[in-house]
Amino acid sequence: MAINRRSFLAATAVTAVAFPYISRSALAAPVALRFGHPHPDSDSWQTAGLWFADKVKERTNGAVTIQMFPNGVLGSDATMINAVRGGTLDITLTGNPFFTGLVPRLNVLDLPFLFKDRNHVAAVLDGAIGDGLRADLGKFGIKVLSTWETGWRHVSNSRRPVNAPADLKGLKIRTTPNLAHIKAFQLLGAVPTPMAFTELFTALETRSVDGQENPTTLILNSKFYEVQKHVSLTQHAFTTAPVIMNRAKFEGLPKEHADIVEATAREAAKLQRQMNAEKEQSSLEALKKEGMQAIENPDRAAFAAIVADTVRKDFEAGIDPNLAKQIVALAK
């Protein structure tokens, strides 16, 4: 039977009454995102990542799902960053030092002895400075959803206790590729050896490096106590961790879903940082139970005297003369 113009318009009117508004998101095909990171599945990155994935699925009514890939199964830190930039991976999370090759200003966050406490860190990350640094990364095909953390860095090694700077002399210490970390350990007389986190356990086990520097939570979750005897709470730096998403993929989401993904990632950031803060002391006690010998109050002032001003001045002279000062001014 032929359908004339009048009957077509009538049918359209009925449809419009029955379904007055269909949002773009309701019409969009479900989106499945892959989220990779290098930390163990027992780490707060994975726990907070699963919370993030659950909430995004719930808040988008199942239209956006996120699958987590921990333990570096999708590659090293640099590999996953490049995969997100290239669009073959949707989301990744890793330490700030692995982004400083793209945005040298990010080195400021890894300057030794820069942060006073966690409140100081939060004031920077959740304020205008944090927003500006995230925007800088946006020039590289990246959308920074939020900034999580690795935490306060401490030194562990298989050779000897580290109580003062002289105790580090000659030790091969795995560092990140961050210029501030490398320069600091050079000044302390150690031999900084940058490598991917996914390669670290084997390097410690084979003694190709003597030690490393990471938070107690990560030392525990990565089982470094199996190949390290000594840990020293130097608290020489604080490492932040951007959660990045392929920008084209983010912008291809319906706006209401993109807003949910970003807002939920920011909620997850605060949750993840709180998890780490709560587990710092308990993870140290667990390391001691596993047989690690801990120096809980090393001579931090002596470490700071050697590295803090020198590394900061290098940053100010070569990259940005004011940014570190602005961060220090936020301490209370």
Side-chain angles (χ1 to χ4, degrees), residues 32-53 66-102 106 110 137 140-142 144-151 153-154 156 172-178 181-182 192-209 211-228 239-246 249 265 268-269 272-273 275-276 279 283 287:
L33 304 175
R34 297 190 308 152
F35 183 161
H37 67 83
H39 283 193
D41 55 11
S42 56
D43 190 72
S44 62
W45 282 10
Q46 179 70 1
T47 305
L50 290 171
W51 182 92
F52 170 57
I66 300 171
Q67 185 176 3
M68 299 296 298
F69 294 88
N71 293 303
V73 295
L74 299 183
S76 67
D77 314 77
T79 297
M80 287 190 282
I81 291 171
N82 288 332
V84 169
R85 292 183 66 195
T88 57
L89 178 62
D90 303 305
I91 303 172
T92 194
L93 161 66
T94 194
N96 181 77
F98 291 95
F99 295 93
T100 55
L102 295 175
L106 284 169
D110 296 294
L137 274 174
F140 297 92
I142 289 169
V144 184
L145 298 176
S146 63
T147 306
W148 298 12
E149 71 165 56
T150 302
R153 303 185 81 89
H154 309 295
S156 74
K172 290 185 70 175
I173 303 293
R174 178 269 180 180
T175 69
T176 70
N178 180 273
H181 288 179
I182 293 169
T193 308
M195 68 175 64
F197 185 81
T198 48
E199 302 170 8
L200 180 51
F201 187 95
T202 300
L204 295 171
E205 185 176 36
T206 59
R207 298 289 184 94
S208 58
V209 293
Q212 60 86 54
E213 35 99 43
N214 265 304
T216 54
T217 51
L218 193 51
I219 295 171
L220 176 66
N221 292 331
S222 302
K223 299 185 178 180
F224 290 161
Y225 55 80
E226 294 181 355
V227 289
Q228 299 275 271
T239 296
T240 64
V243 178
I244 66 168
M245 183 171 175
N246 176 269
K249 194 66 173 272
Q272 187 269 334
R273 292 183 217 159
M275 287 179 187
N276 268 15
K279 291 181 178 179
S283 60
L287 290 174

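We're numbering straight along the sequence, starting at 1.
Annotation for K249 and A32: closest pair NZ-O, 4.5 Å, computed over non-hydrogen atoms. Of all non-hydrogen atoms in Q272 and A48, the two that sit nearest each other are CB-CB, 3.6 Å. The minimum heavy-atom distance linking S156 with Q228 is given by the pair OG-OE1, 2.8 Å. Nearest heavy atoms, S146 versus A265: OG-O, 2.9 Å. Between A268 and F52, the shortest heavy-atom contact is CB-CB, 4.1 Å.
Considering only heavy atoms from C-beta on, W148 stays 4.5 Å or farther from R273 through its side chain. Annotation: side chain of L220 is in contact with side chain of Y225 (closest heavy-atom distance under 4.5 Å). Under the 4.5 Å side-chain criterion, counting only non-hydrogen atoms from C-beta, R85 is in contact with L102. Here the side chains of T94 and F99 are in contact, with some heavy-atom distance below 4.5 Å. Within the 4.5 Å cutoff, side-chain heavy atoms of V243 are placed close to those of F35. In this structure the side chain of I219 reaches within 4.5 angstrom of the side chain of Q212, judged on heavy atoms. Side-chain contact between P97 and T239: present, with at least one pair of heavy atoms (C-beta onward) separated by less than 4.5 Å. Contact of the D77 side chain with the M195 side chain is not registered, since no non-hydrogen atoms from C-beta on lie closer than 4.5 Å.
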(request) Determine, stepwise, if the pair E213 / H154 fulfils side-chain hydrogen bond (donor to acceptor under 3.5 Å, both in side chains). (result) CA-CA 5 Å; E213 35 99 43; H154 309 295; over 6 Å; no
(request) Given side chain to side chain contact (heavy atoms under 4.5 Å, CB included), test L106 with L137 step by step and report yes or no. (result) CA-CA 9 Å; L106 284 169; L137 274 174; 3.9 Å; yes
(request) Could you check T240 against E149 for side-chain hydrogen bond (donor to acceptor under 3.5 Å, both in side chains), going step by step and ending with a plain yes or no? (result) CA-CA 4 Å; T240 64; E149 71 165 56; over 6 Å; no
(message) I'd like to know whether N221 forms a side chain to side chain contact (heavy atoms under 4.5 Å, CB included) with D41, so could you lay out the CA-CA distance, the side-chain angles of the two residues, the decisive distance to 0.1 Å, and finally the verdict.
(response) CA-CA 8 Å; N221 292 331; D41 55 11; over 6 Å; no
(message) If you apply the rule side-chain hydrogen bond (donor to acceptor under 3.5 Å, both in side chains), what do you find for N276 with S44, and how did you get there?
(response) CA-CA 7 Å; N276 268 15; S44 62; 2.7 Å; yes
(request) Check step by step if side-chain hydrogen bond (donor to acceptor under 3.5 Å, both in side chains) holds for S283 and T216. (result) CA-CA 6 Å; S283 60; T216 54; 2.8 Å; yes
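A donor-acceptor contact shorter than 3.5 Å is absent between the side chain of R34 and the backbone of F69. Here the side chain of S208 pairs a donor or acceptor atom with the backbone of A203 at under 3.5 angstrom.
In terms of the side-chain contact (heavy atoms from CB on, under 4.5 Å) criterion, residue partners of P192 (sequence neighbours excluded) are, by chain and number, T175, I182, F185, Q186. The side-chain contact (heavy atoms from CB on, under 4.5 Å) test applied to S222 returns P40, F197, L218, F224, not counting sequence neighbours. For R207, the side-chain contact (heavy atoms from CB on, under 4.5 Å) criterion is met by S158, R159, not counting sequence neighbours. With sequence neighbours excluded, no residue forms a ring-ring contact (aromatic ring centres under 6.0 Å, His included) with H181. Residues passing the side-chain contact (heavy atoms from CB on, under 4.5 Å) test with T88, sequence neighbours excluded: A83.
Side-chain contact annotation: H39 with Q46, donor-acceptor N/O pair under 3.5 Å absent.
For the atom pair CG of D110 and CG of N96, the computed distance is 4.5 Å after rounding to the nearest 0.5 Å. Atoms CG and CD1, on D90 and I66 in that order, are 9.0 Å from each other to the nearest 0.5 Å. With values rounded to the nearest 0.5 angstrom, D43 atom CG is found 10.0 Å from M275 atom CE. The structure places CD of E226 at 11.5 Å from CG of L204, a figure rounded to the nearest 0.5 Å. Rounded to the nearest 0.5 Å, atoms NE2 (H37) and CG (L93) are 6.5 Å apart. Note that CE of M245 is 5.0 Å distant from CD1 of I91, once rounded to the nearest 0.5 Å.
Just one residue in the list N246, I244, L33, V84 forms a side chain to side chain contact (heavy atoms under 4.5 Å, CB included) with L89, and that residue is V84.
Applying the side-chain hydrogen bond (donor to acceptor under 3.5 Å, both in side chains) test to every pair with at least one member in residues 66-76, sequence neighbours left out, gives these pairs: S76-T79.
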